[in-house]
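Structure first, then comments.
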Amino acid sequence: MVEIKFLEKSFGRLKVLRGVDLIIRKGSLTAILGPNASGKTTIIKSILGLVIPDKGEIIVDGIPVRRNWNYRNTIGYMPQIARFPENLTIRELISMLKDIRGSNGSADGLLDLFELQPALNQSLRNLSGGTRQKVNAVMALMFDAPLLIMDEPTSGLDPVSLIKLKEYIVKERENGKTILLTTHIMGLVEELADEIVFLLEGKIYFQGSVQQLLSRYREERVERAIAKMMEQNLLNKD
């Protein structure tokens, strides 16, 4: 379980998070949604320890994370855009990551799943965007981490690979993994999410299930419910 208590973060005069309180339940899939600059990435980076909040606390499995970096060994992270050393091959990248994490991991099944075995000796600089994203998925999933954080995981994937990743995510949740993801694909949210968190200007405007969101705004699709939520917020500001 991940518990976030009154998280605040500013970058200069720009206040990005404004007292965010959030519980990500163990074994659930939580989708954090919101427009650009709403604070989604800052929350993720705060959980990962890449951003230090100005105020508030983050607790992972009952342990506060501040000045305690060991918890990051329990996280598999799939960034939206992966930056790999361009001169390495896929095989060398896997070996390097195992050395860094001090763990053997297991990439073979994932390499088979995403049909990457024939490309293992190719340099990363020569890979297409979609293939790089499949490598990105392997890096995030190969260590069997109990907490998965996935930032726009389907970006750039072909339809077949998207389906494979989606099915893998479902299997991981069924195996008890806690999954946090951001996405702009509302069909993915409707299909996978146990809970939706909608951020706007650094505040949570909705937290609940897909059905609760649809019921509150009397809509049949998530994208329409979110559009109505944002429209009402703009009207309230005027």
Side-chain angles (χ1 to χ4, degrees), residues 2 9 11-12 14 16-17 31-53 58 60 65 69-111 113-158 161-162 164-166 168-169 172 177 179-185 188 199:
V2 178
K9 181 63 183 179
F11 296 100
L14 179 62
V16 180
L17 297 179
I32 297 185
L33 309 179
N36 293 336
S38 61
K40 304 186 300 294
T41 297
T42 303
I43 287 178
I44 286 175
K45 288 186 175 180
S46 296
I47 295 172
L48 293 169
L50 301 175
V51 165
I52 306 301
I58 299 174
V60 176
V65 303
W69 307 116
N70 290 332
Y71 78 96
R72 291 190 291 190
N73 293 325
T74 68
I75 297 176
Y77 174 47
M78 184 175 177
Q80 181 177 0
I81 300 174
R83 306 292 186 189
F84 301 129
E86 297 291 313
N87 60 311
L88 296 184
T89 65
I90 297 175
R91 188 188 305 277
E92 290 168 338
L93 178 65
I94 291 170
S95 178
M96 183 185 75
L97 196 59
K98 287 180 180 181
D99 288 341
I100 290 172
R101 294 199 57 149
S103 171
N104 289 328
S106 179
D108 289 345
L110 291 162
L111 293 170
L113 178 68
F114 293 114
E115 300 179 352
L116 288 171
Q117 293 284 4
L120 276 177
N121 294 316
Q122 288 188 28
S123 295
L124 293 160
R125 67 165 60 92
N126 296 326
L127 301 181
S128 68
T131 302
R132 291 171 73 94
Q133 188 68 348
K134 289 191 279 187
V135 173
N136 192 14
V138 172
M139 299 298 101
L141 300 171
M142 63 182 282
F143 294 101
D144 197 29
L147 172 60
L148 299 176
I149 297 178
M150 313 182 83
D151 191 2
E152 297 286 349
T154 61
S155 177
L157 290 180
D158 62 83
S161 297
L162 191 153
K164 289 179 178 180
L165 179 61
K166 192 164 54 176
Y168 195 91
I169 290 172
E172 292 291 84
K177 301 289 178 68
I179 302 170
L180 175 65
L181 67 80
T182 70
T183 182
H184 286 92
I185 301 177
L188 191 68
L199 282 174

For this session: Check the surroundings of atom CD in Gln117: do more than 12 heavy atoms from other residues, nucleotides or ligands lie under 6.0 Å from it?
Result: yes
What distance separates [X] [atom1] from [Y] [atom2], expressed to the nearest 0.5 Å?
X: Thr154; Y: Met150; atom1: OG1; atom2: CE; answer: 9.5 Å
X: Arg72; Y: Leu48; atom1: CZ; atom2: CG; answer: 8.0 Å
X: Ser123; Y: Asn87; atom1: OG; atom2: CG; answer: 7.5 Å
X: Asn36; Y: Thr41; atom1: CG; atom2: OG1; answer: 8.5 Å
X: Ile169; Y: Leu141; atom1: CD1; atom2: CG; answer: 7.5 Å
X: Asn136; Y: Thr131; atom1: CG; atom2: OG1; answer: 12.0 Å

Over all atoms of both residues, closest heavy-atom pair of [X] and [Y]:
X: Ala140; Y: Met78; result: CB-CB, 3.6 Å
X: Leu93; Y: Pro85; result: CD1-CD, 4.2 Å
X: Thr183; Y: Ile185; result: OG1-N, 3.0 Å
X: Ser38; Y: Pro35; result: OG-O, 2.8 Å
X: Tyr71; Y: Ile47; result: OH-O, 2.5 Å
X: Gly76; Y: Ala145; result: N-CB, 3.4 Å

Practice task
Report yes or no: does Gln122 contribute a side-chain atom to a donor-acceptor pair with the main-chain N or O of Ala119 at less than 3.5 Å?
Solution key: no
Residue pairs involving residues 123-132 (criterion salt bridge (charged side-chain N to carboxylate O under 4.0 Å, His left out); sequence neighbours excluded)
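Sorted result for residues 123-132: Glu86-Arg132.
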Side-chain touch [X]/[Y], heavy atoms, less than 4.5 angstrom:
X: Leu147; Y: Val2; result: yes
X: Phe114; Y: Leu165; result: yes
X: Phe143; Y: Leu97; result: yes
X: Lys45; Y: Thr42; result: no
X: Leu148; Y: Tyr77; result: no
X: Asp158; Y: Lys134; result: yes
X: Ser155; Y: Gln133; result: yes
X: Val135; Y: Leu116; result: yes

inquiry  = Looking at Lys177 and Asp144, is there a salt bridge between them, counting it only when a charged N and a carboxylate O are closer than 4.0 Å?
reply    = yes
Report task. List the steps and the verdict of side chain to side chain contact (heavy atoms under 4.5 Å, CB included) for Ile44 and Asp151. Result -> CA-CA 8 Å; Ile44 286 175; Asp151 191 2; 4.3 Å; yes
The residue among Leu17, Ile149, Thr182 that forms side-chain contact (heavy atoms from CB on, under 4.5 Å) with Ile43 is Leu17
TODO: Tell me, please, which residues at least two apart from Asn121 pass side-chain hydrogen bond (donor to acceptor under 3.5 Å, both in side chains).
DONE: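 By the side-chain hydrogen bond (donor to acceptor under 3.5 Å, both in side chains) rule, Asn121 matches Arg91.
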Q.
Here's one to test your reading of the geometry: is the NZ or CZ of Lys164 within 45 degrees of the ring axis of Tyr168 and under 6.0 Å from its centre?
A. no
- Query: For Ile81, what residues pass the side chain to side chain contact (heavy atoms under 4.5 Å, CB included) criterion, not counting sequence neighbours?
  - Reply: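 Partners of Ile81 under the side chain to side chain contact (heavy atoms under 4.5 Å, CB included) test: Arg83.
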Q | Criterion salt bridge (Lys or Arg N to Asp or Glu O under 4.0 Å) on Glu152 and Lys40, from CA distance to verdict | A | CA-CA 11 Å; Glu152 297 286 349; Lys40 304 186 300 294; over 6 Å; no
